[in-house]
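Note sheet for the following structure.
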Amino acid sequence: DVLNVIHDAVRKGQCVCWVRNTVKDARMVYHTLASQNWMDKNKLTLFHSRFAIIDRQRIEAATLGLFGKESTAENRCGQVLIATQVVEQSLDLDFDVMISDLAPIDLLIQRAGRLRRHVRDAAGNRLTSDGAVDLRGEPSLYVFGPEPTNKPAENWLKAKLPGTQAVYQHVGQLWLTQQRLCSLGKISMPGDARRLIDGVYSDDVQSNIPESLLGLSWNAEGDAGSMRGMARLNALNLGK
């Protein structure tokens with residue numbers, strides 16, 4: 001399904017970003033796309049944190065040139081970026097189409113912030129005049145993950161995204177994130193930020209996590225508590 005979305009966008013001359021939660025998954029889908037006869041290999045970029053620093057800096061500069069504020073329709077046409085969390089923060093990027101692996105709601109909000117970030121015409125050229133309106137149509141954030149269900153099995157996430165479960169171990173919060181997005185259907189930022197966050201992290205809502213996912217969620221909270229304890233134990237008292 002995701003490959004079909006990317007293919008359609010490339011055919012229309014749009015630029016696409018798929019944010020994957022692990023380097024392994026990013027590399028896998030990069031090689032899958034590189035094998036497609038409709039994908040121009042010169043317009044496919046892989047960006048993650050494991051590159052040597054000199055290569056990472058080069059890729060980051062190229063990414064800003066292709067998708068940054070000053071990018072043009074010619075730069076952007078048919079470009080596809082496969083990335084990890086390195087694109088979530090700090091980089092001022094603007095994609096026509098954004099796809100993300102299922103992640104905690106606050107991270108999805110961050111990723112959505114790279115979707116049609118600047119006002120552009122239908123071709124992708126930036127519009128800077130006062131009152132300019134984006135002409136690329138209504139934006140859609142595509143979220144890749146397991147089928148939504150009210151009765152998830154314990155392996156609900158791991159069966160589809162095993163790497164994601166290793167990174168974001170509080171599976172109950174991911175289930176709540178998906179449920180919240182499905183119930184809203186459409187979100188508007190920043191107005192919906194509070195109810196999105198509260199819809200996943202508030203104590204009342206967390207009590208709705210299905211029993212099948214509670215063990216995984218409790219384990220994640222226990223690990224987080226242990227790490228907080230170790231941090232406090234090793235913290236330097238600067239007053240001394």
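Along the sequence shown, residues carry numbers from 1.
- Transitive grouping of hydrophobic side chains (ILVMFWY, heavy atoms separated by less than 4.5 Å) brings L184 and Y142 into a common cluster.
- Between H7 and Q36, every side-chain heavy-atom pair lies at or beyond the 4.5 Å cut-off.
- Put simply, SG on C17 and CG on L66 are 12.0 Å apart, with the number rounded to the nearest 0.5 Å.
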Practice item. Kindly determine whether K160 and E147 satisfy side-chain contact (heavy atoms from CB on, under 4.5 Å), including the steps that lead there. Key: CA-CA 9 Å; K160 179 69 70 175; E147 286 289 333; over 6 Å; no
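- No more than 12 heavy atoms of other residues, nucleotides or ligands lie within 6.0 Å of NZ in K158, so this atom counts as exposed by the packing criterion.
- Side-chain contact between V87 and R111 is absent, with no heavy atoms from C-beta onward closer than 4.5 Å.
- In this structure, the side chain of R116 engages the main chain of R136 through a donor-acceptor pair within 3.5 Å.
- No donor-acceptor pair closer than 3.5 Å links the side chain of E88 to the backbone N or O of Q110.
- The shortest non-hydrogen separation linking P146 to L102 is CD-CD2, 4.2 Å.
- V167 is not listed as a side-chain neighbour of T164, based on a closest heavy-atom distance of 4.5 Å or more.
- Within the 4.5 Å cutoff, side-chain heavy atoms of H48 are placed close to those of R27.
- Between the CG atom in L107 and the CG atom in N21 there is a gap of 8.0 Å [rounded to 0.5 Å].
- With a 4.5 Å cut-off on side-chain heavy atoms, L93 and R117 do not count as touching.
- Judged as a ring-ring contact (aromatic ring centres under 6.0 Å, His included), the pairs with a partner in residues 88-119 (not counting sequence neighbours) are, in order, F67-F95.
- With hydrogens and angles left out, the side-chain atoms of T84 and R20 include no donor and acceptor closer than 3.5 Å.
- Scanning both residues, S100 and L108, for their nearest heavy atoms gives OG-CD2, 3.3 Å.
- In terms of heavy-atom proximity, S71 sits nearest to R76 at OG-NH1, 3.1 Å.
- To the nearest 0.5 angstrom, K41 atom NZ is 7.5 Å from S35 atom OG.
- When each of V29, L44, V16 is tested with I6 by the rule side-chain contact (heavy atoms from CB on, under 4.5 Å), just one qualifies, namely V16.
- I82 and L33 make their closest contact through CD1-CD1, 3.5 Å (heavy atoms, listed as atom of the first residue, atom of the second, distance).
- Put simply, the side chain of D192 gets close to the backbone of S188: a donor and an acceptor are under 3.5 Å apart.
- Among residue pairs with one or both ends in residues 14-36, those qualifying as ring-ring contact (aromatic ring centres under 6.0 Å, His included) are W18-F144; sequence neighbours excluded.
- Clustering ILVMFWY residues whenever any of their side-chain heavy atoms sit less than 4.5 angstrom apart, transitively, puts I54 in a cluster other than the one holding I59.
- Among residues two or more places apart in sequence or in another chain, the side-chain hydrogen bond (donor to acceptor under 3.5 Å, both in side chains) test is passed with E138 by K186.
- In this structure, CG on D96 lies 12.0 Å from OG on S140, to the nearest 0.5 angstrom.
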### Query
Please walk me through it: do Q79 and D40 pass side-chain contact (heavy atoms from CB on, under 4.5 Å)?
CA-CA 9 Å; Q79 292 283 348; D40 183 345; over 6 Å; no
When the side chains of residues 203-213 are checked against the rest of the protein, which donor-acceptor pairs come out under 3.5 Å, sequence neighbours left out?
unit_1 : atom_1 : unit_2 : atom_2 : d
Q206   : NE2    : V200   : O      : 3.1
S207   : OG     : D204   : O      : 2.4
S212   : OG     : P152   : O      : 2.5

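- Taking K69 as the reference, nothing meets the side-chain hydrogen bond (donor to acceptor under 3.5 Å, both in side chains) condition, with sequence neighbours excluded.
- The side-chain hydrogen bond (donor to acceptor under 3.5 Å, both in side chains) test applied to W175 returns no partner, not counting sequence neighbours.
- Considering only heavy atoms from C-beta on, D8 stays 4.5 Å or farther from V97 through its side chain.
- Looking only at side-chain heavy atoms (C-beta outward), V10 and V80 come within less than 4.5 Å of each other.
- V23 and L161 end up in different hydrophobic clusters when Ile, Leu, Val, Met, Phe, Trp and Tyr side chains are linked at under 4.5 Å.
- The backbone N or O of R180 lies less than 3.5 Å from a partner atom in the side chain of S183, making a donor-acceptor pair.
- Two residues are said to be in side-chain contact when any heavy atoms from C-beta on lie closer than 4.5 Å; T32 and L3 meet this criterion.
- For the pair D121 (side chain) and N125 (backbone), a donor-acceptor distance under 3.5 Å is present.
- Within a 6.0 Å radius of CG in D55, more than 12 heavy atoms belonging to other residues, nucleotides or ligands are found.
- Defined by atom type and a distance below 3.5 Å, a donor-acceptor pair is present between the side-chain atoms of Y201 and D106.
- Hydrophobic clustering places M189 together with V143 (ILVMFWY residues linked when any side-chain heavy atoms are closer than 4.5 Å, directly or through intermediates).
- In the hydrophobic clustering of ILVMFWY residues, with side-chain heavy atoms under 4.5 Å counting as a link, W38 and V5 come out together.
- Note: D134 CG to L127 CG = 7.5 Å, rounded to the nearest 0.5 Å.
- The line from OG1 of T63 to CZ of F47 is 5.0 Å long, rounded to the nearest 0.5 Å.
- Heavy atoms only, all atoms of each residue included: T177 and A103 are closest at CG2-O, 3.4 Å.
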Open item on the list: With salt bridge (Lys or Arg N to Asp or Glu O under 4.0 Å) as the criterion, how do R120 and D94 come out once you've worked through the C-alpha distance, each side chain's angles and the decisive distance to 0.1 Å?
Closed with: CA-CA 10 Å; R120 297 180 183 273; D94 172 16; 2.4 Å; yes
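- By the neighbour-count criterion of 12 heavy atoms within 6.0 Å, atom CG of D130 is sparsely surrounded, having that number or fewer from other residues, nucleotides or ligands.
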Tell me, with the steps shown, if Q173 and I105 meet side-chain contact (heavy atoms from CB on, under 4.5 Å). CA-CA 8 Å; Q173 290 177 352; I105 189 64; over 6 Å; no
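- Nearest approach of A123 to A73, heavy atoms of both residues: O-CB, 3.3 Å.
- Using a distance-only test at 3.5 Å, with no hydrogens or angles considered, a donor-acceptor pair links the side chain of Q179 to the main chain of T149.
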* Test L91 against E60 for side-chain contact (heavy atoms from CB on, under 4.5 Å), laying out the working first. => CA-CA 9 Å; L91 299 181; E60 182 175 307; 3.6 Å; yes
